[in-house]
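Here is the structure we will look at, set down as structure tokens.
Order of listing sets the numbers, starting from 1, for every ligand and every atom in it. Reckoned from all heavy atoms, side chains included, excluding hydrogens, waters and symmetry mates. Just so we're clear, the structure is a prediction, and the values are computed from it rather than from any experiment.
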Amino acid sequence: REILWLTGLVLLVMTMVTAFAGYVLPWGQMSYWGADVVGKAVGAIPGIGPGLEHVMEGSDALGDVFIHRFFVLHFVMAFAIVAIVGLHVAALHISGSNNPQGVEPSQPSDTVPFHPYYSSKDMVGLMLFGIVFAALAFLWPDLLSEPANYRPANPLHTPTDIEPEWYFFPFYGILQSVPSKFGGLLASAGAVLVLFAVPWLDPSPVRSARFRPVCRIGLFGLVVAFVVLGLVGRHHAAGAWMIAGRCATLYYFGYFLVLLPFAPRFEKTRPLPSFLS
Ligand code: HEM
């Protein structure tokens, strides 16, 4: 089950890298300046940073070499994702699916076959996704995109607000809430990396948050903190947004590094059900 969790997170990271690399390709103002911010953040890593930045960008100025490298990264990564999805499903077949109760099925009658039950359930999700996706693509193509990216990249003109695509807002919020450049990079990368440690951070014998009142409230707080960080990323961390961003960043890391390991010591869990349904 740990491998299942870890391959899932590898997929998340690969998708984030693919999406970032893809956003560079239209070579608009946001593509250029977003790449500039990330390149400088990589360059701020002590020791290896400048070398890594140079390998990533290919020359002293973002241009031809950089786009070629990122185009190759973009599609190779996208195909590699398909391979890792295969590993992810293989790992699922070894550990078996979880359930909302977090209790291992004890007899065959506790489980149902994937087809027709889950295939039809997944089809509903797929259709809903298809409807929203088609509506965005065909009716409101500009709803989630940044108009500034229609302007061709111009190294001589910095946009007033450089911001990533909406799905990176929470991590951008963390990046901005930390005053030092390298500290910000460490915190926003750490926000993803800490997820890799979750199977070992949570020692509770009770798996489902349904039976863990403290963990449940904490998890609700985590969702709120993540949304707040997204808003901070959207509005730029200054004034009240800065304070909100710092509090939410502290809570985010506090949830994983303090609440998860220590709550099971005092949390009174509710009794687990003896059957699954
Ligand atoms: C996980 C899979 C993928 C993700 C998440 C992804 C994401 C993205 C994103 C966010 C953009 C920027 C779109 C824009 O702002 O206009 C983009 C552009 C692009 N992607 Fe992908 N992509 C994926 C797979 C692929 C694959 C497999 C290919 C080709 C084999 C590809 C080729 C391109 C090209 C050529 C562009 C530039 C389009 C333009 O300049 O208008 N992508 N991608």
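- Applying the salt bridge (charged side-chain N to carboxylate O under 4.0 Å, His left out) test to every pair with at least one member in residues 57-77, sequence neighbours left out, gives no pairs at all.
- Looking only at side-chain heavy atoms (C-beta outward), His157 and Gln29 come within less than 4.5 Å of each other.
- Closer than 4.0 angstrom to ligand 1 by heavy atom are Thr18, Ala19, Gly22, Tyr23, Leu25, Pro26, Phe71, His74, Phe75, Ala78, Ile81, Tyr167, sorted by chain and number.
- Residues Trp33 and Asp161 are not in side-chain contact: their nearest non-hydrogen atoms beyond the backbone lie 4.5 Å or more apart.
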Run the ring pair (Phe, Tyr, Trp, His ring centres under 6.0 Å) check on Phe168 and Tyr172 step by step: do they pass? CA-CA 6 Å; Phe168 285 132; Tyr172 194 51; 9.5 Å; no
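- You'll find the side chain of Leu229 stays beyond 4.5 Å of the side chain of Phe169, heavy atoms only.
- Between His88 and the choices Ile3, Leu4, Val10, Leu9, the side-chain contact (heavy atoms from CB on, under 4.5 Å) rule is met once, by Leu4.
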